[in-house]
Amino acid sequence: MSSTTPELKFTTFEEIDEIYSTLNKTFRSGKTKPIAFRKVQILQLAYLVQDNLERFKEAFAIDLGRPPHEAAFLELNPTISDCKIAYDRVDKWARTEKAPFNIKFAAFRPVIRKEPKGVVLSISPFNYPVWLALGPIIGAIAAGNCVVLKPSELTPAVSGLIAELIPKYLDNDVVRVVLGGVQETTKLMEYQWGHGILYTGNGRVGRLIGIAAAKTLSPISLELGGKSPVVIDAKCDFKMLHAVSCGTCIAPDYVLVPRSSEDTFIQALKDAHDEFYPSGAINTPDISHIINTAHFHRLKNLLDSTSGTIAFGGQTDESRKFIAPTVVKGVKDGDSLMSDEIFGPILPIMPVDDVDAAIAYINAHDHPLALYCFSSDATFKNKVFDNTQSGTVIANDVLLQAGIDGLPFGVLAPADVAGYQTRSFSFDMFTHLRSSLDSPGWFPFKESIKRGRGTKWLLLVVSLAVVSISYTRAADVGEWVMWLKGLIKV
């Protein structure tokens, strides 16, 4: 297995022009609309991954140091599974829906057509370079769109492999890959996109994408990370906390724990850590490394600048771009570790007075992609769930929500332009719900009105359109309740 990081050959501006032109011509030709064509492309995408599992595992090892079993579990198998789900269900997803029956308009046969939006641009991140690159393509193809994928330049082995394989497996007039960095992305943002743009990444770049998209009035969906909190109930079973992990977009970014339980909680984390890594984390081959040297220094600077105390971990090795899983206790608001999404193996512990203080802190900041709560008390969990906002909310576990069929995986973003990456929710994101009516020529009042003899028919239509509120007023309900209470007392 080669450990040499390959050098990506970036797509030229001239090639980008040709790609955009070709895909727009393809979409206008109607080639992508037949369901049978879409299913062939979805199936080919599944085989693209299945036929090249070992090559993808090698690429993950080069780019991220990700162990083979982790690459298969987190990305490769879920991508194949998502392809199978889309292949089996796209006929149902794309089916025209009838509007609810209404006697006034039944003759017009109102329906909702599921139509593709056009040419989609998907800009994917480095942390899940296969699942978050190919996952949106599945939904976009299923919806009948053409797709330009711009994978992360920070994972050159995986991105280069995807760029090599897509032309071999998929229709080159429907799906294309653009390799590059900031300049190539800036070039892509000059075009108008039909969906138009799905960006997965951090809020800083998300703002730039939003500004650029506004210039061409291209719709955008932003799948942004942020700081996902964990709220701890002092009465919970700390043995379950082996599930707490960090270093991915939906992983816990910090923990809010009652002051009286901070030391007990940290000891539970330490016990779980030692069980996973009995010889020490720095000696295990089963932990991925930091994506590049710049991110390594970013994380190390955050750790060096914190006012908290390292409870355990903290070992670093720049030559390997490695940082051991690290827990920092006694972190306060305004600390370096609370300034932005950490996106690395560092977990700050912030002690709070009670659950109300935890909720207040969460609500004072941007809505997180995920929120976690550890408690066996239904009242405690409901209080956290009912009084906060987040993309997803999970009790007594982490990360699982992204892999469960039937659950949307998206963010309640500060700009309310959330993206949904997987399965039917991805199909919906790339689909235009087109209202349609078919007015019958025989409808009697139309011709009568044109000739000035349609008064009776017009009055009939108007009478059908009159809506009467038949519900009891809220004030009246209150009066009836007071009357009944008085009657009971008598």
Side-chain angles (χ1 to χ4, degrees), residues 127-128 132 200-203 206 222-238 240-258 261-262 265 268-269 327-328 331 333 335 337-404 406-422 425:
N127 60 324
Y128 287 93
L132 292 182
T200 305
N202 62 60
L222 302 178
E223 186 68 72
L224 308 178
K227 298 184 74 65
S228 296
V230 179
V231 180
I232 302 295
D233 181 0
K235 296 179 289 185
C236 81
D237 180 7
F238 287 153
M240 71 174 69
L241 297 175
H242 70 276
V244 175
S245 60
C246 53
T248 187
C249 61
I250 57 171
D253 192 273
Y254 64 97
V255 179
L256 298 166
V257 63
S261 302
E262 183 180 18
F265 170 74
L269 290 181
V327 171
V328 182
V331 174
D333 188 17
D335 190 89
L337 295 175
M338 304 304 293
S339 61
D340 202 353
E341 181 181 11
I342 294 174
F343 217 77
I346 303 169
L347 188 63
I349 311 297
M350 178 183 290
V352 293
D353 293 332
D354 51 31
V355 65
D356 292 314
I359 291 171
Y361 183 84
I362 293 169
N363 290 337
H365 297 80
D366 288 344
H367 304 318
L369 180 57
L371 188 153
Y372 303 101
C373 173
F374 282 82
S375 175
S376 57
D377 183 347
T379 302
F380 186 96
K381 287 183 283 190
N382 288 334
K383 185 169 187 176
V384 174
F385 287 11
D386 294 343
N387 293 281
T388 56
Q389 292 179 282
S390 61
T392 58
V393 59
I394 313 297
N396 300 324
D397 218 317
V398 296
L399 307 182
L400 293 181
Q401 69 272 29
I404 297 178
L407 291 182
F409 170 50
V411 60
L412 182 64
D416 285 329
V417 283
Y420 293 95
Q421 299 276 15
T422 57
F425 304 101

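Residue numbers run from 1 in the order of the sequence given. What you are looking at is a predicted structure, and each value in this text was computed from that prediction instead of being measured.
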Side chains of [X] and [Y]: does their closest heavy-atom pair fall under 4.5 Å?
| X | Y | result |
| --- | --- | --- |
| T392 | L369 | no |
| K227 | I342 | yes |
| F380 | K235 | no |
| V352 | V231 | no |
| P229 | Y372 | no |
| V384 | L371 | yes |
| N202 | L224 | no |
| H367 | S390 | no |

**OP:** Would you check if there is a donor-acceptor pair between the side chains of E341 and Y254 at a distance under 3.5 Å?
**Re:** no
Original post:
Atom CG of D233 and atom OG of S261: how far apart are they, to the nearest 0.5 Å?
Top reply: 8.5 Å
Original post:
Given I359, which of D386, L256, D354, N387 fulfils the side chain to side chain contact (heavy atoms under 4.5 Å, CB included) condition?
Top reply: N387
Taking every non-hydrogen atom, the tightest pair across [X] and [Y]:
| X | Y | answer |
| --- | --- | --- |
| I394 | F385 | C-CZ, 4.1 Å |
| P368 | S228 | CB-CA, 3.9 Å |
| G206 | L222 | O-CD1, 4.0 Å |
| P258 | I232 | CD-O, 3.3 Å |

Original post:
Yes or no on side chain to side chain contact (heavy atoms under 4.5 Å, CB included) for L337 and L347, after CA distance, side-chain angles and deciding distance?
Top reply: CA-CA 9 Å; L337 295 175; L347 188 63; over 6 Å; no
**OP:** Could I get the full list of salt bridge (charged side-chain N to carboxylate O under 4.0 Å, His left out) partners for D340, not counting sequence neighbours?
**Re:** none
**OP:** For N127 and F343, run side chain to side chain contact (heavy atoms under 4.5 Å, CB included): C-alpha distance rounded to whole Å, both residues' side-chain angles, the deciding distance at 0.1 Å, then the answer.
**Re:** CA-CA 9 Å; N127 60 324; F343 217 77; 3.5 Å; yes
**OP:** Show your working on side chain to side chain contact (heavy atoms under 4.5 Å, CB included) between L399 and I250 and close with a plain yes or no.
**Re:** CA-CA 6 Å; L399 307 182; I250 57 171; 3.7 Å; yes
Original post:
Yes or no on side chain to side chain contact (heavy atoms under 4.5 Å, CB included) for N396 and K381, after CA distance, side-chain angles and deciding distance?
Top reply: CA-CA 10 Å; N396 300 324; K381 287 183 283 190; 4.1 Å; yes
Original post:
Counting N and O atoms only, with roles assigned by atom type, does the side chain of D335 sit under 3.5 Å from a partner on the main chain of V331, one being a donor and the other an acceptor?
Top reply: no
**OP:** Please check if the side chain of D366 supplies one atom and the backbone of G226 the other of a donor-acceptor pair under 3.5 Å.
**Re:** no
Original post:
Charged N to carboxylate O under 4.0 angstrom, D356 versus K383?
Top reply: yes
